[in-house]
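Only a predicted model underlies this, so the values are computations on that prediction, with no experimental measurement involved. By convention here, the first residue in the shown sequence is residue 1.
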Amino acid sequence: SFDKGEIEVFDRKMTPSSYDIQRDIGIVMQNVAVIDELTVYENIDYFCSLYVSDKAKRRMLVDEALDFVGLRDYRTYRPAKLSGGLLRRLNIACGIAHKPDLIFFDEPTVAVDPQSRNAILEGIQRLNREGATVIYTSHSMEEVEQICDRILIMDHGRHLALGTAEELKAMISTGERIS
């Protein structure tokens, strides 16, 4: 919910009751938000059920999400049994299982091992190639350069600069370089 202004998504005005628009949005928060009492499969199924009521379709979507994040072998595990990297992957699966067209990722690679980090970044790029629009927040310019087409730099909610990585680098060129 927002306190002022207007939000438009897919050329439609967003309101707190715009469930048709919300169905097309996925959110993966920085802090892992899963249900400890449920298994990996049950967690993904639960979050997917918020958008997809048809059980057969949901079963297919959950299986696809498990494969997408590489958690098929962990489907019966509870979150407490997963490493930090696997827990992040579960968090991502919960946010994308319903196949949203717009996905927000908030620092999804914080505190994960390099192997999980690479798998997460490759997965995000694959989602984009498959047609999803991705909004990715990060403090890591290396990650941003690796996966983002356009970069917006903000400070305290204020827009500072927008462009490709090359355009932004050109803006801050200092004029003196040592080779």
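Contact detail for Gly26 and Pro100: the closest heavy-atom pair is N-CB, 3.4 Å. Heavy-atom minimum distance, Met29 versus Asn91: O-ND2, 3.1 Å. In this structure, Pro108 and Tyr136 approach most closely via the heavy-atom pair CG-CE1, 3.5 Å. The heavy-atom pair separating Gly70 from Arg89 by the smallest distance is O-NH1, 4.2 Å. Contact detail for Glu145 and Lys169: the closest heavy-atom pair is OE1-NZ, 2.8 Å.
Heavy-atom contacts from other residues, nucleotides or ligands closer than 6.0 Å to NE2 of His159 number more than 12. Crowding of Tyr74 atom OH: a count of heavy atoms from other residues, nucleotides or ligands under 6.0 Å not exceeding 12.
Considering only residues two or more places apart in sequence or on other chains, Asp54 meets the salt bridge (charged side-chain N to carboxylate O under 4.0 Å, His left out) condition with none of them.
The structure places CD of Gln146 at 7.0 Å from CG of Asn118, a figure rounded to the nearest 0.5 Å. The CD atom of Glu64 sits 10.0 Å away from the CZ atom of Arg72 when rounded to the nearest 0.5 Å. Note that CD1 of Ile135 is 11.0 Å distant from CZ of Arg150, once rounded to the nearest 0.5 Å. Atom CZ of Phe10 is separated from atom CG of Asp24 by 5.0 Å, given to the nearest 0.5 angstrom. Distance CZ/Arg129 to CD/Glu122: 8.5 Å, rounded to 0.5 Å. Considering NE2 of His139 and OG1 of Thr137, their distance stands at 8.0 Å, rounded to 0.5 Å.
By the criterion of side-chain heavy atoms lying less than 4.5 angstrom apart, applied directly or through intervening Ile, Leu, Val, Met, Phe, Trp or Tyr residues, Phe68 is not grouped with Met60; the two fall into different hydrophobic clusters. Hydrophobic clustering (ILVMFWY, side-chain heavy atoms < 4.5 Å, transitive): Leu127 and Leu121 are in one cluster. Clustering ILVMFWY residues whenever any of their side-chain heavy atoms sit less than 4.5 angstrom apart, transitively, puts Leu61 in a cluster other than the one holding Val69. Cluster annotation: Leu168 is not connected to Ile147 through the hydrophobic network of ILVMFWY side chains, with a link wherever side-chain heavy atoms come within less than 4.5 Å. Both Leu90 and Ile103 are members of a single hydrophobic cluster when ILVMFWY side chains are connected at heavy-atom separations under 4.5 Å.
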Tabulate below the donor-acceptor pairs under 3.5 Å that side-chain atoms of residues 42-52 make, not counting sequence neighbours, or state none.
unit_1 : atom_1 : unit_2 : atom_2 : d
Glu42  : OE1    : Thr39  : N      : 2.9
Glu42  : OE1    : Thr39  : OG1    : 3.4
Asn43  : OD1    : Ile35  : N      : 2.7
Asn43  : ND2    : Ile35  : O      : 3.0
Asn43  : ND2    : Leu38  : O      : 3.2
Asn43  : ND2    : Thr39  : O      : 3.2
Asp45  : OD1    : Arg58  : NE     : 2.7
Ser49  : OG     : Tyr46  : O      : 2.5

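Contact check for Ser140 versus Thr109: no side-chain heavy atoms found under the 4.5 Å cut-off. Here the side chains of Met14 and Ile25 are in contact, with some heavy-atom distance below 4.5 Å. In this structure, the side chains of Phe105 and Ile92 come closer than 4.5 Å at one or more pairs of heavy atoms. Here the side chains of Gln125 and Asn128 are not in contact, with every heavy-atom distance at 4.5 Å or above.
For Gln22 (side chain) and Pro16 (main-chain N/O), a donor-acceptor pair under 3.5 Å exists by modelled atom type. No donor-acceptor pair closer than 3.5 Å links the side chain of Ser18 to the backbone N or O of Ile21. Of the possible polar contacts, one joining the Arg88 side chain to the Val110 backbone as a donor-acceptor pair under 3.5 Å is found. Side-chain atoms of Arg75 never come within 3.5 Å of backbone atoms of Asp63 as a donor-acceptor pair (strictly under, hydrogens ignored).
Using a 4.0 Å cut-off between a side-chain N of Lys or Arg and a carboxylate O of Asp or Glu, Lys99 and Glu130 do not qualify as a salt bridge.
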